[in-house]
Novice: 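Encoded as structure tokens, here's the structure I'll be asking about.
Numbers here simply count residues along the sequence, with the first being 1. For the numbers below, each heavy atom of this structure counts, side chains included, while hydrogens, waters and symmetry mates do not.
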Amino acid sequence: MSKHFETQAVRTQTEQTQQKEHSVPLYLSSSFTFDSAEDMRAAFADETDANIYSRFSNPNADEFSEKMALLEGAEAGFATASGMGAVFASFMAFLSSGDHLLVCRSIFGSTHTILKNFLPRWGITFSYFDAAQPERIESLIQKNTKMIFVETPSNPGLDIIDLDVLGKLSKKHNILLNVDNCFATPYLQQPILYGADLVTHSATKFIDGQGRVLGGAVVGKKELIQKIYLFCRATGPALSPFNAWVLSKSLETLAVRMDRHCENALKLALLLQQNKNVEQVNYPFLESHPNVAIAKKQMKKGGGVLTFTVKGGFGKGRKFLDALELCSLTANLGDTRTIATHPASTTHAKLTEAERLEVGITPGLVRISAGLEHIDDIATDIEQALK
């Protein structure tokens, strides 16, 4: 097999059946049969890799998770029903009562909810660190710290964290490094190369790329993924065969789609820097980004998401969304269609205003997921809405 990303994404497939199909079929079956009682016993005893039940494994889900692991440079992977299922499994398979989790403050709103509302029920504590102060991270490590969790680029602040620094720090203290790579995708960034032990994804976003299905994945060392598998096998956040089939097919075009997403996002960011109705534009590959050098070190391109602040605050940010004609208003991102979101009133509305400001979510902040439309049409719509 070629080592080129694009070829691996296209040519990694489940073994052909006797029908000699060119495209992998859908395995819409809740369970699988055995030739003998002994074969069935051996499967349940984990002596073979035979499929038993689609909550445990399924050829479509296996193909998707194998492909994700390959593209991330990981040993193994497990596919989940959603991105939050992947994040939660990556916590609960390793954390127990009395453990401590160190987390970058700039994370997705639902991950904040897990940390604040659910982990304390099981006696798991956490501390936040500021992405802008990486020098303070080591001082926050406690004797019971078991994991460091980060998003880079973060959602929606687009903070960039030096993965090489975190990788070395986690190894020094024997702590698991868990990286949410949703915004970059394995095409732009591979955290395992910098020392990450686990990488999580919401496959619903850029990996699907067309806003069709939900899905998630966790990849990493084989022994770690085995623990993820056992947790998910018992608790049930399995990816459906249909969604797995769609997502695996979507990976075949990930590279070409991400190239266009990145191209459109950068052009739009540069254009918005000149707009008098915009206070600030944030994009990882802009020279004005505080960590542009780190972004260019660990990412191939800047990604498909940018943010900017509309002058006038909360009300003006919402009015901007109402004035859009082409761009979509929806909770998703990473779609073929350009999407605009007002984080302060949607994805991060459950945070207090102080918590939002701490992670760079100002009242007028707008998040744009640049789609695959012609850049002139995207720019025209955003500029007329700003006017």
Novice: Just do the salt bridge (Lys or Arg N to Asp or Glu O under 4.0 Å) check on E263 and K267 with the steps written out, would you?
Specialist: CA-CA 6 Å; E263 178 186 338; K267 287 180 178 178; 3.1 Å; yes
Novice: Under 3.5 Å, is there a donor-acceptor pair between the side chain of E151 and the main chain of F108?
Specialist: yes
Novice: Got a sec, which residues hit ring-ring contact (aromatic ring centres under 6.0 Å, His included) with H112, two or more places apart in sequence or on another chain?
Specialist: Y128
Novice: Measure the acute angle between the ring planes of F206 and H261, then classify it against the limits of 30° and 60° as parallel, tilted or perpendicular.
Specialist: perpendicular
Novice: Under 3.5 Å, is there a donor on one side chain and an acceptor on the other for H173 and T145?
Specialist: no
Novice: Yes or no on salt bridge (Lys or Arg N to Asp or Glu O under 4.0 Å) for R318 and D322, after CA distance, side-chain angles and deciding distance?
Specialist: CA-CA 6 Å; R318 286 169 58 98; D322 288 338; over 6 Å; no
Novice: Can you tell me if T380 uses its side chain to pair, donor with acceptor, with the backbone of D377 under 3.5 Å?
Specialist: no
Novice: For N60 and P25, work out which heavy atoms get closest and say how close.
Specialist: ND2-O, 3.0 Å
Novice: More than 12 non-hydrogen atoms from neighbouring residues, nucleotides or ligands closer than 6.0 Å to CG on D49, yes or no?
Specialist: no
Novice: Provide the closest heavy-atom pair for I137 versus L166 in the form atom of the first, atom of the second, distance.
Specialist: CD1-CD2, 3.6 Å
Novice: Restricting to non-hydrogen atoms, name the atom on T185 and the atom on H201 that form the minimum distance, rounded to 0.1 Å.
Specialist: CA-CE1, 4.0 Å
Novice: So, R212 and T204: side-chain donor and acceptor under 3.5 Å apart, yes or no?
Specialist: no
Novice: If you count heavy atoms of other groups shown closer than 6.0 angstrom to NZ of K297, is the number above 12?
Specialist: yes
Novice: Within the supplied structure, the quantity of interest is the number of heavy atoms (other residues, nucleotides, ligands) at a distance under 6.0 Å from D376 CG; does it exceed 12?
Specialist: yes
Novice: List the steps, then state whether salt bridge (Lys or Arg N to Asp or Glu O under 4.0 Å) holds for R257 with D335.
Specialist: CA-CA 10 Å; R257 287 187 286 107; D335 202 307; over 6 Å; no
Novice: If only atom types and distance count, is the side chain of T12 paired as donor or acceptor with the main-chain N or O of K67 below 3.5 Å?
Specialist: no
Novice: Centroid-to-centroid, F320 to H342, below 6.0 Å?
Specialist: no
Novice: Does a donor on one side chain sit under 3.5 Å from an acceptor on the other, for K249 and S23?
Specialist: yes
Novice: Would you say the side-chain atoms of E21 and T17 include a donor-acceptor pair closer than 3.5 Å?
Specialist: yes
Novice: Hey, is CD on E47 packed in by over 12 heavy atoms from elsewhere, all under 6.0 Å?
Specialist: yes
Novice: For F88 together with F118, are the ring centres under 6.0 Å from each other?
Specialist: no
Novice: Between D197 and K171, is there a side-chain N and carboxylate O pair less than 4.0 Å apart?
Specialist: yes
Novice: So, N181 versus E72: side-chain donor-acceptor pair below 3.5 Å or not?
Specialist: yes
Novice: Indicate yes or no for a side-chain donor-acceptor contact from D208 to the backbone of V213 under 3.5 Å, with no hydrogens or angles considered.
Specialist: yes
Novice: Do you know which two heavy atoms are closest between G216 and F64, and how far apart they sit?
Specialist: O-CE2, 4.0 Å
Novice: Which heavy atom of C232 sits nearest to which heavy atom of T80, and what is that distance?
Specialist: SG-CG2, 4.3 Å
Novice: For the side chain of Y194 and the backbone of K168, is there at least one donor-acceptor N/O pair under 3.5 Å apart?
Specialist: no
Novice: So among I339, L324, T341, which one has a side-chain contact (heavy atoms from CB on, under 4.5 Å) with L329?
Specialist: L324
Novice: Apply salt bridge (Lys or Arg N to Asp or Glu O under 4.0 Å) to the pair D130 and R105, showing each step before the final yes or no.
Specialist: CA-CA 6 Å; D130 191 336; R105 192 181 300 277; 5.7 Å; no
Novice: Please confirm whether Y53 and F56 have ring centers closer than 6.0 angstrom.
Specialist: yes
Novice: Should we count NZ of K316 as having more than 12 external heavy atoms under 6.0 Å?
Specialist: no
Novice: Under a single-linkage definition using a 4.5 Å side-chain heavy-atom cutoff for Ile, Leu, Val, Met, Phe, Trp and Tyr, are I141 and L177 assigned to the same hydrophobic cluster?
Specialist: yes
Novice: Quick one: closest heavy-atom pair of M299 and Q189, and the distance?
Specialist: CG-OE1, 3.2 Å
Novice: Look at the side chain of S65 and the backbone N and O of A61, then say whether any donor-acceptor pair between them is shorter than 3.5 Å.
Specialist: yes
Novice: Under a 3.5 Å threshold, yes or no: a donor from one side chain and an acceptor from the other, between S248 and E63?
Specialist: yes
Novice: Hey, quick one: are L188 and V199 part of the same hydrophobic cluster, counting side-chain heavy atoms closer than 4.5 Å, chains of contacts allowed?
Specialist: yes
Novice: Please determine whether residues M92 and I114 belong to a single hydrophobic cluster, defined as Ile, Leu, Val, Met, Phe, Trp and Tyr linked transitively by side-chain heavy-atom distances below 4.5 Å.
Specialist: yes
Novice: Please determine which of I124, N178, L198 meets the side-chain contact (heavy atoms from CB on, under 4.5 Å) test together with F91.
Specialist: N178
Novice: With T338, which residues qualify under side-chain hydrogen bond (donor to acceptor under 3.5 Å, both in side chains), at least two apart?
Specialist: E373
Novice: Among all residues two or more places apart in sequence or in another chain, which pass the salt bridge (Lys or Arg N to Asp or Glu O under 4.0 Å) test with E353?
Specialist: none
Novice: Atom CG of residue position N117 - does it have more than 12 heavy atoms of other residues, nucleotides or ligands inside 6.0 Å?
Specialist: yes
Novice: Is the side chain of N155 donor-acceptor paired with the backbone N or O of I107 at a distance under 3.5 Å, no angle test?
Specialist: no
Novice: Are L95 and M84 connected, step by step, through hydrophobic side chains (Ile, Leu, Val, Met, Phe, Trp, Tyr) whose heavy atoms are closer than 4.5 Å?
Specialist: yes
Novice: Taking a hydrophobic cluster as the set of Ile, Leu, Val, Met, Phe, Trp and Tyr residues connected by side-chain heavy atoms closer than 4.5 Å, whether directly or through intermediates, do F285 and I160 fall within one such cluster?
Specialist: yes
Novice: Under 3.5 Å, is there a donor-acceptor pair between the side chain of S154 and the main chain of L158?
Specialist: yes
Novice: Is the NZ atom of K319 crowded by more than 12 outside heavy atoms at less than 6.0 Å?
Specialist: no
Novice: Taking the side chain as every heavy atom from C-beta outward, state whether E6 and Y187 have any atom pair closer than 4.5 Å.
Specialist: yes
Novice: Would a 4.5 Å heavy-atom cut-off, applied to side chains only, mark F5 and L71 as touching?
Specialist: yes
Novice: Nearest 0.5 angstrom please: T253 OG1 to I207 CD1, how far?
Specialist: 11.0 Å
Novice: Can a donor-acceptor pair be found, under 3.5 Å and without considering hydrogens, that links the side chain of S369 to the backbone of G334?
Specialist: yes
Novice: Is a salt bridge present between K172 and E138, judged by a nitrogen-to-oxygen distance below 4.0 Å?
Specialist: yes
